Number of protein chains: 4
Amino acid sequence: MASSPQPDIRRTILDVTRELLIEQGITQLSIRMIARQVGCSVGTIYFYFHNKDELIHSLIEEGFEKLIELQDHTEAEFDNPLQRLEQLCRNYIQFGLDNPAYYEIMFMLNPERMARFPAEKYRRARRSVEVVASALKECRDQGLLSVGEPYIHAHLIWSFMHGVVTLLKAKRIDRRIDPAEMISATIRHILQQNSH
Amino acid sequence: MASSPQPDIRRTILDVTRELLIEQGITQLSIRMIARQVGCSVGTIYFYFHNKDELIHSLIEEGFEKLIELQDHTEAEFDNPLQRLEQLCRNYIQFGLDNPAYYEIMFMLNPERMARFPAEKYRRARRSVEVVASALKECRDQGLLSVGEPYIHAHLIWSFMHGVVTLLKAKRIDRRIDPAEMISATIRHILQQNSH
Amino acid sequence: MASSPQPDIRRTILDVTRELLIEQGITQLSIRMIARQVGCSVGTIYFYFHNKDELIHSLIEEGFEKLIELQDHTEAEFDNPLQRLEQLCRNYIQFGLDNPAYYEIMFMLNPERMARFPAEKYRRARRSVEVVASALKECRDQGLLSVGEPYIHAHLIWSFMHGVVTLLKAKRIDRRIDPAEMISATIRHILQQNSH
Amino acid sequence: MASSPQPDIRRTILDVTRELLIEQGITQLSIRMIARQVGCSVGTIYFYFHNKDELIHSLIEEGFEKLIELQDHTEAEFDNPLQRLEQLCRNYIQFGLDNPAYYEIMFMLNPERMARFPAEKYRRARRSVEVVASALKECRDQGLLSVGEPYIHAHLIWSFMHGVVTLLKAKRIDRRIDPAEMISATIRHILQQNSH
DNA sequence: TATGAATGAGCATTCATTCAT
DNA sequence: GATGAATGAATGCTCATTCAT
């Protein structure tokens, strides 16, 4: 990576940061490491990003952009709210597992602790709940699902998915259990098709 | 804390570490900070713990001890598997919210990333799943609940609870939603009492 | 400043540098800061000035030009050497207080320490002493003042004024003392009108 | 210096800092340089001093201690206020020339610019003015000197001496002028023995 | 037991400067 | 004329760890 021609260093920096984020986690991540991996000097990174936080912020924005685009597209695609709900959930879980670095900085940072990543940066996270809430409402109105207040229930579903994603990501689930089966069971549970 | 007579410095170190863990998170935690807060020298901490990892390990062990004792006690107390299941879940969630530091190091570290916290350290985590699985099995056998394979379903329930705990801990849930209600809804959902 | 039409960027760079010099002092001054304030790139500054030192040199030259012009004009204006001496001293002190940035780089840098500002750059400083020495000589010849060797005495007067300027500039004089009064007393003292 | 046995590293750090302060000035002074010169690691310096400012502060305190002790001793020694005034002035100038590093951080820093060296740190500087003011008052009361308000006049004398010290220190005075003669002339001027 | 002293590697960040375009 | 991109060296500072006492 150090010697190949870099058409877009800014892009490379973001990508390398994402890779390192997966391997090291946010706290071990250092500008020096990124520079070494990118094959540029430390200063170059500071040329493209004011500071470390801004670099992470850019990644957070990117992550939300990707996820929201995915969900918006799904929302437009499915008329049937139950099918839509299912797809939204599959999307979310898949996004988390496919993009562990994005998921980590988007949903696993504690904004209380990391003051420099203020809560408002995460307001976009609400969007992923709202699309679910909207699908739930329609499901309820059409008698397809028996749920309580849709917004609250959407948070419940979100929590459920978040738990599955984070435990799978962290390899905490017993190896003998097939992740795909975990995911299917999760979806079934959300859609209240609990029978085996 | 610095000037009171220390009957058990080791104990104090562990307690202070836990407190700092809540405020700072694992990555901001430094031996110096602990020493300053305890009122001893850094060397003293190294007398009681070989290194930082061992100190964290001890806390992890302690955390599992506490949780397992809690769950074992509940398991012995309730004959009715459904009531037992409910109490086990309430215990788990409450434990996570009451002991954020323990919960963090027990369930939120990524053992892949933290090579020094090898997966085997977390095998005890399985115990909290097993008590749930055992209750589920009895529920199913007694026709109280319609679930699939109990061990898998126990992981599902665990994931669900884990998601709720971590999102609540990180203050990611919309402020307008009452945490207590989130928890109740979670329990209801687990017990498949979804109606209203 | 960034968007107005720049008839003379070189001039703007010098002016901005002077302003920043007042606020930050020479050591905090950075090319980047200047460029940002001017609204140009760092490269542009290097187009007009070979390096940072040359930029400072230009300001030093400018400062001496200003001061010398002021003193030369005064020298031509006053026939009476005592009045001339008084005006020369008033000029010097006022110049120092009105142009803190110029004064700093002209008279407060240590050429031993700053090898890149060689002593010869400061030879022009002697001119401000010489005009005083010349006035002193005339005063002595006309019996207006009882002084020793004029050139030495001129240095004494210079030192005196330099002390007042630097202490006032650095806000080291007790706030309860009116700067104007300090200056008047200084002038009186130089002219040996010591009585109250 | 790196290999000799260091009985008191803290002392060595202070001394080395003082030496480097003379050569480099405060702005070029770096912790790494000090460590290199002392022959210890950077961390060692931070063991003895919380940060760079605290290290400089310690030197400032030391400097004022030295100067004040010198002046207090002189004050007690001389009954004759004129002789006392003379000695106080000789002391001050000599102190400045003998201890260029101390003098620089005590009297040549701009507290406005260096916010971390707050004005109050320099209140002790006033003491050197007060001893002069007290001597002046006695001189005036005994008819030995014709001066205005003693406190103001003391500031005048201080400025005068400050100018001489700083210009001599910075090698700004014409090489052909003997520093000792400058000093004598300064003292004579202060004592109003202006004739030849 | 406990500490004071010391270290080396690391951190985020800034800087003067260069140079192809 | 002017810029955007890049660099290497430096800065103040923190860290986990060691070890003689």
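Everything numeric in this text was worked out from a predicted model, so none of it was measured. Chain identifiers are assigned alphabetically (A, B, ...) following the order of the sequence lines, protein sequences preceding nucleic acid strands; residue numbering begins at 1 within each chain.
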Practice problem: Find the partner of E:dA6: check Watson-Crick (N1-N3 plus N6-O4 or O6-N4) and G-U wobble (N1-O2, O6-N3) distances, both under 3.5 Å, and reply none if neither fits. | Solution: F:dT17

Quiz item: Within this structure, what is the CD1-to-C1' distance between A:I13 and F:dA5, rounded to whole angstrom?
Solution: 11 Å

Practice problem: Can you tell me the distance, in whole Å, between the NE2 atom of C:H50 and the P atom of E:dT17? | Solution: 11 Å

Quiz item: Taking CD1 from D:I45 and P from F:dG12, how many angstroms apart are they, rounded to a whole number?
Solution: 10 Å

Exercise. Report yes or no: is the cationic atom of A:R172 (NZ for Lys, CZ for Arg) closer than 6.0 Å to the six-membered ring centre of B:F107, at no more than 45° off its axis?
Key: no

Quiz item: For A:L29, does its backbone N or O pair with a side-chain atom of A:K52 as donor and acceptor, under 3.5 Å?
Solution: yes

Quiz prompt | Contact nearer the 5' end of DNA chain F, comparing B:I31 with A:C40 | solution = A:C40

Quiz item: Counting side-chain heavy atoms from C-beta on, which of E:dA12, F:dT11, E:dA2 comes nearest to B:F47?
Solution: E:dA2

Quiz item: With no angle test and no hydrogens, is the base of F:dA10 tied to the side chain of D:R32 by a donor-acceptor pair under 3.5 Å?
Solution: no

Quiz item: To the side chain of D:Y48, which of E:dA6, E:dC11, F:dA16 is closest?
Solution: E:dA6

Quiz item: Which part of the nucleic acid does B:F49 contact within heavy-atom distance under 4.0 Å: base, sugar-phosphate only, or nothing?
Solution: nothing

Quiz item: Can you tell me if the side-chain N/O atoms of D:S30 get under 4.0 Å from OP1 or OP2 in F:dT11?
Solution: yes

Quiz item: Counting side-chain heavy atoms from C-beta on, which of E:dT13, F:dA5, F:dG12 comes nearest to D:Y46?
Solution: F:dG12

Self-check item: Shortest non-hydrogen contact from D:Y48 toward D:I9
Solution: CE1-CG2, 3.9 Å

Quiz item: Whole-Å distance between F:dA10 P and D:K52 NZ?
Solution: 15 Å

Practice problem: Tell me which of D:L29 and B:N51 sits closer to the 5' end of DNA chain F, going by the nucleotide each one is nearest to. | Solution: D:L29

Exercise. Taking only Lys NZ, Arg NE, NH1 and NH2, and the carboxylate oxygens of Asp or Glu, determine whether D:E104 and D:R18 approach each other closer than 4.0 Å.
Key: no

Practice problem: For A:T44, report the nucleic acid contact type (base, sugar-phosphate, nothing); a contact means any heavy atom under 4.0 Å. | Solution: base

Quiz item: In terms of the nearest nucleotide of DNA chain E, which residue is placed more toward the 5' end: A:V42 or D:V42?
Solution: D:V42

Quiz item: Between atom CZ in D:R10 and atom P in E:dA6, what is the gap in whole Å?
Solution: 13 Å

Quiz item: Below 4.0 angstrom, N of the basic side chain to O of the carboxylate: do D:K66 and D:E61 qualify?
Solution: no

Self-check item: A:I56 CD1 - E:dC11 C1' separation (whole Å)
Solution: 14 Å

Quiz item: Roughly how many Å is it from CD in B:Q28 to P in F:dC15, rounded to a whole number?
Solution: 9 Å

Quiz item: Could you state the CZ-P distance from C:R36 to F:dG4, rounded to the nearest angstrom?
Solution: 14 Å

